[in-house]
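Structure first, commentary second.
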2 protein chains.
Amino acid sequence: MRVKSGNGKNAVNQIPEPTLRRLPGYLNFLKVLRTNHVEFVSSGQIAINFKMDSTLVTKDLSYTGIKGRTKIGYNVDQLIDTIIAFLDFNKQENAFLFGVGNLGKALIKYQGLRSYGLNIIAGFDTNPSVVNTVLNDIKIHPVDEFRDLSRKFNVRLAIITTPDARAQEIADLVVAWGIKAIWNFTPQSIKVPDNIIVENTSVYSDLAVILNRLNQ
Amino acid sequence: MRVKSGNGKNAVNQIPEPTLRRLPGYLNFLKVLRTNHVEFVSSGQIAINFKMDSTLVTKDLSYTGIKGRTKIGYNVDQLIDTIIAFLDFNKQENAFLFGVGNLGKALIKYQGLRSYGLNIIAGFDTNPSVVNTVLNDIKIHPVDEFRDLSRKFNVRLAIITTPDARAQEIADLVVAWGIKAIWNFTPQSIKVPDNIIVENTSVYSDLAVILNRLNQ
DNA sequence: AATATATTGTTATTTTATTAACAACTCTGT
DNA sequence: ACAGAGTTGTTAATAAAATAACAATATATT
C-alpha cells in the first residue's frame with residue numbers, strides 16, 4: 001500500500017512555513033534594537049545576528065509588505081509594527097488549556113504569550129488539587145464545564161498539555177464542540193478531521209537534533 | 001554588504017534534519033503499538049497515522065539502518081530499539097539548567113526527558129527563593145557555584161530558561177567553562193563561537209504558524 | 001505450483017527553499 | 001557634479017526535501 005500525503009493544499013498557501021517560523025525571531029531582535037534606540041536596520045545586520053544569508057532575510061521581510069530604503073535599511077519601529085500585524089500578534093486569540101500540570105502551569109503563568117496574541121482564558125483539569133484554583137487570574141475548571149464555557153466564549157484554539165494518554169480524548173472532545181485548532185504539547189500524535197489545524201510542539205525533536213550534533 | 005551563511009558544513013552532515021525531527025514522533029507511535037502488543041508495522045501504517053507519504057517514512061527509517069521485511073513490515077520491538085540507539089536516547093547526556101522559573105521547573109520535573117536520554121543534574125538560579133531547594137532530587141545552586149560543579153561533572157549541555165535579558169550572559173559563562181551545546185528556550189538569539197551547538201526552542205514560531213493557519 | 005499482492009528499498013522526478021547574481025537606487029565624500 | 005559603496009528587491013541558479021515510479025521480493029491464496 002502506498003499512502004499519499006493528505007496535505008489539503010487547495011488553499012492559497014502563500015507564505016513558506018520556514019519564513020513564518022523565522023519572523024518571530026527577527027521581531028525579538030528588532031525589539032532589542034528599539035530598546036537601544038536604533039532607528040534603522042539592514043537585512044545584513046539581521047543576517048549576521050542569526051548567522052544566515054542576508055538575501056533570505058530580505059526575502060522573508062518582503063512577504064510582510066515592508067518597504068526598505070536603499071543604503072539605509074528598514075525603519076525599526078515600522079518593521080516591528082509590520083511583522084506584528086503580519087503575524088496577527090496584535091489581535092487577541094482566546095484559548096482554552098487542558099491539563100494544568102507543570103507545563104500547563106508554566107504556559108498559563110508565562111505573560112510573554114499574551115503580548116504575542118495568545119490569551120488563555122481558562123484552564124481545565126481533572127485533578128481536584130488544581131480544579132477551582134486560580135492562576136494569574138485564570139480559573140481552572142473541571143473538564144465537565146468545558147461545554148458550557150465553550151458556548152459562552154467563542155474560542156477557536158485548544159492547548160493540550162495533558163498526560164500523553166489523555167491527548168486523544170481531549171482532542172475528540174474539543175473538536176466535537178467546534179474548536180478549529182489544537183496546539184498539542186504532548187508527543188502523542190492525535191487524529192482529527194482534515195479541517196482541524198494541529199500544531200505539534202514536542203521537545204523531543206529538538207533534543208534529537210542536539211544529541212545528534214553533539215555525538216557526530 | 002552581502003552576508004554569507006555561516007553554516008559550518010565541512011562536517012559529514014549525513015542525516016537530514018527533517019528526518020531527525022520526525023523520528024521521535026515515530027518512536028512514540030511505535031511505543032503505543034508495542035503496548036498494544038502489535039508485532040509488525042509497515043511504513044504505510046505509520047504514514048497514515050502522521051498523514052504523510054509512506055515513501056518518506058521508508059526513507060526516514062532507512063537512515064537508522066533498520067531492515068524491514070517485504071510484505072510484513074518492520075518488527076516493532078526492533079524498530080524501537082534501533083531508533084532509540086540511532087538518536088542516542090539510550091545514552092545519558094548530563095545537563096545543567098539555568099533559570100528555575102516556571103518553565104525551568106517544568107523541565108526539571110518532567111520525567112519524560114530522562115527516558116529520552118537527557119539527565120538534568122543540577123539547576124542554577126539567582127533568586128533566593130529557589131536557590132538551595134531540591135526539585136525531583138535535583139538541587140538548585142546559586143549561579144556562582146557553576147564553575148566548581150562544571151569541574152566536578154563533565155557536562156556538555158546547558159539549558160537556558162532564564163528571563164530573556166539574562167540569556168546572553170549565561171551563554172557567555174557556560175561557553176567560557178567548556179560547555180559544547182546550548183539549548184536556548186528564550187526567544188533571545190544568543191551569540192556564541194562557531195564551534196558551539198545552539199538549538200533554539202521558542203513557542204513563538206509555533207504560535208505564528210497556528211495564528212497564520214487560523215486567520216488565512 | 002502458480003498467481004496475485006503488499007511491501008521494502010532504490011532511483012528519478014518534482015517541488016520547495018536557499019543562495020547567487022545583478023540591476024536599480026540613494027546616500028556620502030570628494 | 002560625480003564617483004563609490006552599501007543596500008533593496010528581483011530574477012536566476014543551486015541545493016535540499018518530498019513525492020513518484022518501479023524493480024525486487026516474500027507472503028498468502030487458489
Side-chain angles (χ1 to χ4, degrees), chain A residues 1-23 25-26 33 38-76 78-79 82-83 205 209, chain B residues 1-23 25-26 38-76 78-79 82 205 209:
Chain A
M1 172 187 49
R2 173 119 302 155
V3 179
K4 244 184 85 181
S5 174
N7 64 339
K9 207 215 296 216
N10 21 0
V12 268
N13 203 340
Q14 58 282 64
I15 183 173
E17 187 169 313
T19 295
L20 210 45
R21 292 189 170 278
R22 283 188 293 264
L23 285 171
Y26 302 157
L33 292 183
V38 176
E39 208 176 339
F40 290 94
V41 66
S42 71
S43 54
Q45 291 171 275
I46 297 174
I48 287 171
N49 188 264
F50 292 98
K51 289 186 181 173
M52 55 191 291
D53 192 292
S54 62
T55 310
L56 189 49
V57 175
T58 304
K59 258 192 180 168
D60 284 346
L61 296 183
S62 76
Y63 283 104
T64 69
I66 188 86
K67 293 291 168 197
R69 284 170 60 194
T70 297
K71 196 85 193 282
I72 297 288
Y74 303 89
N75 178 285
V76 171
Q78 191 190 335
L79 187 47
T82 304
I83 294 178
S205 294
V209 173
Chain B
M1 175 186 51
R2 174 115 303 153
V3 180
K4 244 184 84 180
S5 174
N7 62 340
K9 205 212 299 213
N10 24 358
V12 269
N13 202 340
Q14 57 282 68
I15 183 174
E17 187 170 313
T19 295
L20 209 46
R21 292 190 169 279
R22 283 187 294 263
L23 285 171
Y26 302 158
V38 176
E39 208 175 338
F40 290 94
V41 66
S42 72
S43 55
Q45 291 171 276
I46 297 174
I48 287 171
N49 188 263
F50 291 97
K51 288 187 180 172
M52 56 192 289
D53 192 293
S54 62
T55 310
L56 188 50
V57 175
T58 305
K59 257 190 181 170
D60 285 344
L61 296 182
S62 76
Y63 284 103
T64 69
I66 188 83
K67 292 291 168 199
R69 285 169 60 192
T70 295
K71 197 85 193 285
I72 295 290
Y74 304 89
N75 178 286
V76 172
Q78 191 190 334
L79 187 47
T82 304
S205 294
V209 173

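To find a chain, count down the sequence lines: A is the first, B the second, and so on, and within it residues start at 1. These numbers were taken from a predicted model, which means no experiment stands behind them.
In this entry the distance linking CG of B/Asp53 with P of C/dT8 reads 12 Å, nearest Å. The separation between B/Leu56 atom CG and C/dT14 atom P is 19 Å, rounded to whole Å. In this structure, A/Ile15 atom CD1 and C/dT18 atom P are separated by 12 Å, rounded to whole Å. If you measure from atom OH of B/Tyr63 to atom P of D/dA16, you get 11 Å, rounded to the nearest angstrom. Computed from coordinates, the A/Leu61 CG to D/dT10 P distance equals 13 Å when rounded to whole Å. Between the CZ atom of B/Phe40 and the C1' atom of C/dT8 there is a distance of 14 Å, rounded to whole Å. Rounded to whole Å, atom P of C/dA17 lies 13 Å from atom CD of A/Gln14. In this structure, the CD1 atom of B/Ile46 is 8 Å from the P atom of C/dT8, given to the nearest Å.
From B/Met52, atom CE reaches atom CD1 of B/Ile46 across 9.0 Å, with rounding to the nearest 0.5 Å.
Applying the 4.0 Å criterion to OP1 and OP2 of D/dA17, one finds that B/Arg22 has every side-chain N and O outside that range. Neither OP1 nor OP2 of D/dT10 sits under 4.0 Å from any side-chain N or O of A/Thr58. Neither OP1 nor OP2 of D/dA17 sits under 4.0 Å from any side-chain N or O of B/Arg21.
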| message | At under 4.0 Å between heavy atoms, how does the protein contact nucleotides 24-30 of chain D? Give one character per nucleotide, 5' to 3', with B, S or -. | response | -BBB---
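Nearest approach of A/Ala47 to A/Asp53, heavy atoms of both residues: CB-C, 4.0 Å.
By the side chain to side chain donor-acceptor pair (under 3.5 Å) test, A/Arg21 pairs with A/Glu17, A/Glu199, B/Asp206, sequence neighbours left out. Legend: residues meeting side chain to side chain donor-acceptor pair (under 3.5 Å) with A/Asn49, ordered by chain and number and at least two apart, are B/Ser189. Residues satisfying the side-chain contact (heavy atoms from CB on, under 4.5 Å) test with A/Ile66, not counting sequence neighbours, are A/Leu61, A/Thr64, A/Tyr74, A/Gln78, A/Leu79, A/Thr82. A search for side-chain contact (heavy atoms from CB on, under 4.5 Å) contacts involving B/Thr19 returns B/Ile15, B/Pro16, B/Arg22, B/Leu23, B/Asp60, B/Tyr63, not counting sequence neighbours.
Minimum atom distance to the side chain of A/Tyr74 is reached by D/dG9, of the listed C/dT7, D/dG9, C/dG9. Comparing C/dT19, D/dG9, C/dT8 by their nearest atom to the side chain of A/Lys67 picks out D/dG9.
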| field | From CA spacing to verdict: side-chain contact (heavy atoms from CB on, under 4.5 Å), A/Phe40, A/Asn75 | value | CA-CA 5 Å; A/Phe40 290 94; A/Asn75 178 285; 3.9 Å; yes
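One donor-acceptor pair, N or O on each side, does fall under 3.5 Å between the base of C/dT19 and the side chain of A/Lys59.
Each of A/Thr19 and B/Val41 lies near DNA chain C, and the nucleotide nearest B/Val41 is the one positioned closer to the 5' end.
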